[in-house]
Asker: 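Structure in structure tokens, see below.
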2 protein chains.
Amino acid sequence: MALDLIFHALADPARRTMVERLSRGPASIRELAAPLDMSLSAVIQHLHILEASGLVHSEKVGRVRTCHIEPQVLSSAEQWFAERKASIEHSLDLLGKYLEEHPDEHPDEHPDKHPEEPDERNR
Amino acid sequence: MALDLIFHALADPARRTMVERLSRGPASIRELAAPLDMSLSAVIQHLHILEASGLVHSEKVGRVRTCHIEPQVLSSAEQWFAERKASIEHSLDLLGKYLEEHPDEHPDEHPDKHPEEPDERNR
DNA sequence: TCAATAGTTAAGCATTTACTTCACTATTAT
DNA sequence: ATAATAGTGAAGTAAATGCTTAACTATTGA
């Protein structure tokens with residue numbers, strides 16, 4: 001699926017740096033490589049992954065390859081989040097309505113919202 | 001970085017299926033596993049990755065662990081796209097202004113927008 | 001009490017990643 | 001013509017992934 005490739009492409013910090021750079025305008029491979037602490041070869045491999053996802057497109061003129069982002073593909077990934085959020089809100093709506101219609105069936109609701117929250121984040 | 005873990009978590013179709021399910025409401029591990037063609041063990045491993053990213057949280061009551069999404073984390077990932085799009089629009093604005101101020105310096109502009117576009121997508 | 005249910009961990013394994021270096025091509029500048 | 005520049009591809013490697021099966025614990029129902 002397309003989202004597999006897109007999210008995988010964006011999961012790498014070097015590739016996100018490249019996309020962030022390209023969001024500010026087209027760039028050559030060397031320009032993309034400049035802030036990255038790795039070989040040019042590695043950058044080209046990252047570029048291949050970005051191109052395979054459709055997020056980036058490039059064309060070579062003379063000896064320089066100019067890369068640019070594909071905003072539509074970026075939007076298509078963004079849309080997945082919008083759909084999730086819509087889903088979440090829908091289910092919360094349903095829950096709200098249910099609670100309205102059954103006012104007496106949950107007397108022990110929220111006995112204590114945050115009972116000192118025993119630091120679960122440092123697992 | 002947090003985005004590394006979040007995008008990596010979302011790059012897998014099984015994990016996205018799990019998140020999609022959780023967007024419709026909390027679920028046990030078995031419920032998450034139901035549509036997936038893999039062992040329960042594998043699903044738990046995917047859950048670990050989702051939890052490590054912060055996208056999903058879970059708690060065990062009796063012998064069932066109930067999982068739910070963390071909408072804020074979903075939003076934090078979504079925001080990265082919003083920032084990219086803002087960046088892109090900003091640079092297009094600058095380009096537009098530049099072209100307005102220098103009307104004669106690009107006479108060969110768009111000689112042919114799509115010269116039959118020799119199928120570059122089936123590389 | 002005993003069995004079914006729900007979950008969990010460890011170990012193993014094939015595949016994929018994320019690099020590296022090296023050798024090499026094409027283009028442009030001197 | 002030569003050298004510098006820009007980019008490429010192949011091969012190798014260490015680590016991370018995405019599973020599997022098997023052994024096990026804890027909870028609940030009959």
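In what follows, every chain begins at residue 1, and chains take the letters A, B, ... in the order their sequences are listed. No hydrogens, no waters, no symmetry mates; every other heavy atom, side chains included, goes into these values. Source: prediction; values computed, not measured.
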Asker: Report yes if a donor N or O on one partner sits less than 3.5 Å from an acceptor N or O on the other, where the partners are the side chain of A/Gln45 and the base of C/dT20; otherwise report no.
Answerer: yes

Asker: I want to confirm an ordering. Mapping B/Leu40 and A/Asp12 to their closest nucleotides on DNA chain C, which one lands closer to the 5' end?
Answerer: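 Looking at the nearest nucleotide for each, B/Leu40 comes out on the 5' side.
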
Asker: State the dot-bracket string of DNA chain D. Criteria: Watson-Crick or G-U wobble, both atom distances under 3.5 angstrom; notation: ( ) intrastrand, [ ] crossing earlier pairs, | interstrand, . unpaired.
Answerer: ||||||||||||||||||||||||||||||

Asker: Taking any heavy-atom pair under 4.0 Å as a contact, classify B/Arg65: base, sugar-phosphate, or nothing.
Answerer: sugar-phosphate

Asker: Please determine if B/Glu78 and A/Lys85 form a salt bridge, counting it only when a charged side-chain N lies under 4.0 Å from a carboxylate O.
Answerer: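 Answer for the salt bridge query: yes.
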
Asker: If you look at every heavy atom in A/Phe7 and B/Leu10, which pair is closest and at what distance?
Answerer: CD1-O, 3.4 Å

Asker: Side-chain contact test, heavy atoms from C-beta onward, threshold under 4.5 Å: evaluate it for B/Arg24 versus A/His90 and give yes or no.
Answerer: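 When only atoms from C-beta onward are counted, A/His90 and B/Arg24 do not touch, as no gap falls below 4.5 Å.
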
Asker: OP1 or OP2 of D/dC19 versus the side-chain N and O atoms of B/His46: is any pair under 4.0 Å?
Answerer: yes

Asker: Let me know, please, whether B/Ile44 or A/Arg15 comes out on the 5' side of the other along DNA chain C by nearest nucleotide.
Answerer: B/Ile44

Asker: Give the minimum heavy-atom separation between B/Ala27 and B/Leu32, together with the two atoms involved.
Answerer: CB-CD2, 4.1 Å

Asker: Could you run down nucleotides 22-30 of chain C 5' to 3' and tag each one B, S or - for protein heavy-atom contact under 4.0 Å?
Answerer: -----BS--

Asker: Please give me the minimum heavy-atom distance between A/Leu5 and A/Ala52, naming the atom from each residue.
Answerer: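 Heavy atoms only, the tightest pair is CD1-O, 3.7 Å.
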
Asker: Tell me whether the OP1 or OP2 atom of C/dT16 has a side-chain N or O from A/His8 closer than 4.0 Å.
Answerer: no

Asker: With a 4.0 Å cut-off on heavy atoms, is A/Ile29 in touch with a base, just the backbone sugar-phosphate, or nothing at all?
Answerer: sugar-phosphate

Asker: Do B/Ser58 and B/Arg65 pair up side chain to side chain, a donor and an acceptor below 3.5 Å, judged on atom types alone?
Answerer: yes

